[in-house]
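Structure first, commentary second.
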Amino acid sequence: MTDLHVTQGWAVFPLAPGTKIPLFPSAHPQGDPLHGICKGECGKVGHGVYDATKDPEKVHAWWTACPNANIGVATGEPSGIDVLDVDGPE
């Protein structure tokens, strides 16, 4: 499934199974001087949407390691798509 997303030109990243929470823990937890500042420049995973990639090898490795991960898509400029999420009263 993630291969389809990448071939569509979408930048994807793994979410914890059954959630909208990034799969990887924060690369810079509270107390780290880069907490809230780094957007992936350090090269580590753990930056949420900033981890999104179109690299098929990286995508394949992520979902091989966690095949039940949900799929997050970086919208806007990274993937060239916009999304309108309208939540109802429930």
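No experiment lies behind these values; they were computed from the predicted model shown.
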- Query: When clusters are formed from ILVMFWY side-chain contacts under 4.5 Å, directly or step by step, what else is grouped with Val86?
  - Reply: Leu84

- Message: Enumerate the side-chain hydrogen bond (donor to acceptor under 3.5 Å, both in side chains) contacts for residues 64-75, please, sequence neighbours excluded, ordered by first and then second residue.
- Response: His60-Thr64

- Message: side-chain contact (heavy atoms from CB on, under 4.5 Å), that's the test. Do Trp63 and Ile71 meet it? Break it down for me.
- Response: CA-CA 9 Å; Trp63 271 271; Ile71 301 168; 3.9 Å; yes

- Query: Measuring from Cys42:SG to Asp32:CG, what's the distance to the nearest 0.5 Å?
  - Reply: 8.5 Å

- Task: Quick one: pull up NZ in Lys20 and CG in Leu15 and give me the separation to the nearest 0.5 Å.
- Result: 9.5 Å

- Partner set under side chain to side chain contact (heavy atoms under 4.5 Å, CB included) for Glu41, not counting sequence neighbours: Cys38, Lys39

- Message: Do Cys66 and Leu23 have side chains that approach each other closer than 4.5 Å (heavy atoms only, starting at C-beta)?
- Response: yes

- Message: Show the nearest heavy-atom pair for residues Ala74 and Ala52, with the distance to one decimal.
- Response: CB-CB, 3.6 Å

- Item | Val12 reachable from Ile21 in the ILVMFWY side-chain graph, under 4.5 Å edges | no

- Task: Using ring pair (Phe, Tyr, Trp, His ring centres under 6.0 Å) as the criterion, list what pairs up with Phe24, not counting sequence neighbours.
- Result: Trp62

- Hits for ring pair (Phe, Tyr, Trp, His ring centres under 6.0 Å) against His28, two or more places apart or cross-chain, chain-then-number order -> His47

- Task: Report yes if some heavy atom in the side chain of Ile81 is under 4.5 Å from a heavy atom in the side chain of Val73; otherwise report no.
- Result: yes

